[in-house]
Number of protein chains: 2
Amino acid sequence: MVKRTSHKDDPCPVARPLDAIGDWWSLLIIRDAFEGSRRFGEFQKNLGLAKNILATRLRNLVAHGIFTLEPCADGSAYNEYVLTDKGRGLFPLLVALRQWGEDYFSDAYEPRARLVDRQTGKPVRRLELRSDDGRLLKPEDTVVVGH
Amino acid sequence: MVKRTSHKDDPCPVARPLDAIGDWWSLLIIRDAFEGSRRFGEFQKNLGLAKNILATRLRNLVAHGIFTLEPCADGSAYNEYVLTDKGRGLFPLLVALRQWGEDYFSDAYEPRARLVDRQTGKPVRRLELRSDDGRLLKPEDTVVVGH
DNA sequence: AAGGGTGGTTGCAATATAAAACCTAGTTCG
DNA sequence: CGAACTAGGTTTTATATTGCAACCACCCTT
């Protein structure tokens, strides 16, 4: 998939996932899935990427257990790609990416998409890292241990 | 940087950041910076990537305002790469990636790196998305509006 | 059974990536 | 002060990935 020797053996939990989702398109495909896409054609239409690339990515994501390929729920003979729990576990990451994008990539005039609570219609809270006892943690307040 | 027509014009705040950090190495470089690396050689040693690739990535990250290139703090004539606020804003994203990696890519026997609170030494809390009024939100509880 | 939509695969050309050799300016040390 | 060594890259050159376009098979409708 990726040229460089994979990070399967890298003990860091940041590095290893990149085998699965470290490329340009995978995250966008997953985001699309969170917004309701399930079929090959939907992804292709929404993202506008070449079909062979999409096929490769989806194969990879299925192989990594992020999607499963299941018979279409609507009864037709086609298949659909549905997120596994592992795939759904990427939701916070997508939200983090989105919030960062909103912070630093928004043009003032152009109105942008926002993520809102379906119940109230209000924007969601900002993601933030807290300690075990609830203090807000900045990068410097943390260390990586054990590696 | 990336072949495909860039996502600068994609209104989705998930897509646009990928120009800046959507490739394999950039996130690892940024993670390394959070752990204290500042000099070219440090990054290269820790990550083990080719020097031309590292140079390209760092240039790109500087161009996107994620790092600045500053004279070395220790007085030597060399430069160092230091994270801007925008770069530091990626901390939650890195944490999200790390937590996902810990959840789904850990081998049971092999002890893995963990992110802990520097003060208490205890693992940090899990990132979670909450609504304006504090309810825990699952993917289905949210919608993207305004696009 | 014919025509169109769905879900891909297979060439090929263009592009990005990786490894290694090379280069230049700072630093160290005798 | 000059030689050797280090940091921080740039330049080749080979290889892998990407993207487009054409093709194909299957399902579904009429």
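By convention in this document, chain letters (A, B, ...) are assigned in the order of the sequence lines, proteins followed by strands, and residues within each chain are numbered from 1.
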Worksheet item: Are B/R135 and B/D141 ion-paired here, with the side-chain N under 4.0 Å from a carboxylate O?
Response: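 B/D141 and B/R135: not salt-bridged.
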
Item to complete: Can you tell me which residue pairs pass the salt bridge (charged side-chain N to carboxylate O under 4.0 Å, His left out) test with a partner in residues 42-52 of chain A, sequence neighbours excluded?
Response: none

N/O (side chain, [X]) to phosphate O (OP1/OP2, [N]) under 4.0 Å:
X	N	answer
A/R39	C/dG7	yes
A/W25	D/dG19	yes
B/R59	D/dG9	no

Item to complete: Among the candidates D/dG8, D/dC27, C/dG8, find the nucleotide nearest to the side-chain atoms of A/Y78.
Response: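 Selected nucleotide: D/dC27.
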
Fill in: Side chain of A/A55 - closest among C/dT9, D/dT18, D/dC20
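So the side chain of A/A55 is nearest to C/dT9.
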
Discussion item. Show me the pairs that pass side chain to side chain donor-acceptor pair (under 3.5 Å) and involve residues 80-89 of chain A, at least two apart or across chains.
Written reply: A/R38-A/E80, A/R88-B/E140

Output the rounded distance in Å from [atom1] ([X]) to [atom2] ([N]).
X	N	atom1	atom2	value
A/K51	D/dA25	NZ	P	14 Å
B/L54	D/dT11	CG	P	16 Å
A/L49	C/dT9	CG	C1'	15 Å
A/F43	C/dT6	CZ	P	15 Å
B/N52	C/dA18	CG	P	8 Å

Worksheet item: Is there a donor-acceptor pair closer than 3.5 Å between any side-chain N or O of B/D19 and the backbone N or O of B/R16?
Response: no

Practice prompt. Quick one: label A/Y81 by what it contacts on the DNA or RNA (base, sugar-phosphate, nothing), any heavy atom closer than 4.0 Å.
Written response: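 Sugar-phosphate only.
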
Discussion item. Using heavy-atom distances to pick each residue's nearest nucleotide on DNA chain D, tell me which of A/A77 and A/I53 is more 5'.
Written reply: A/I53

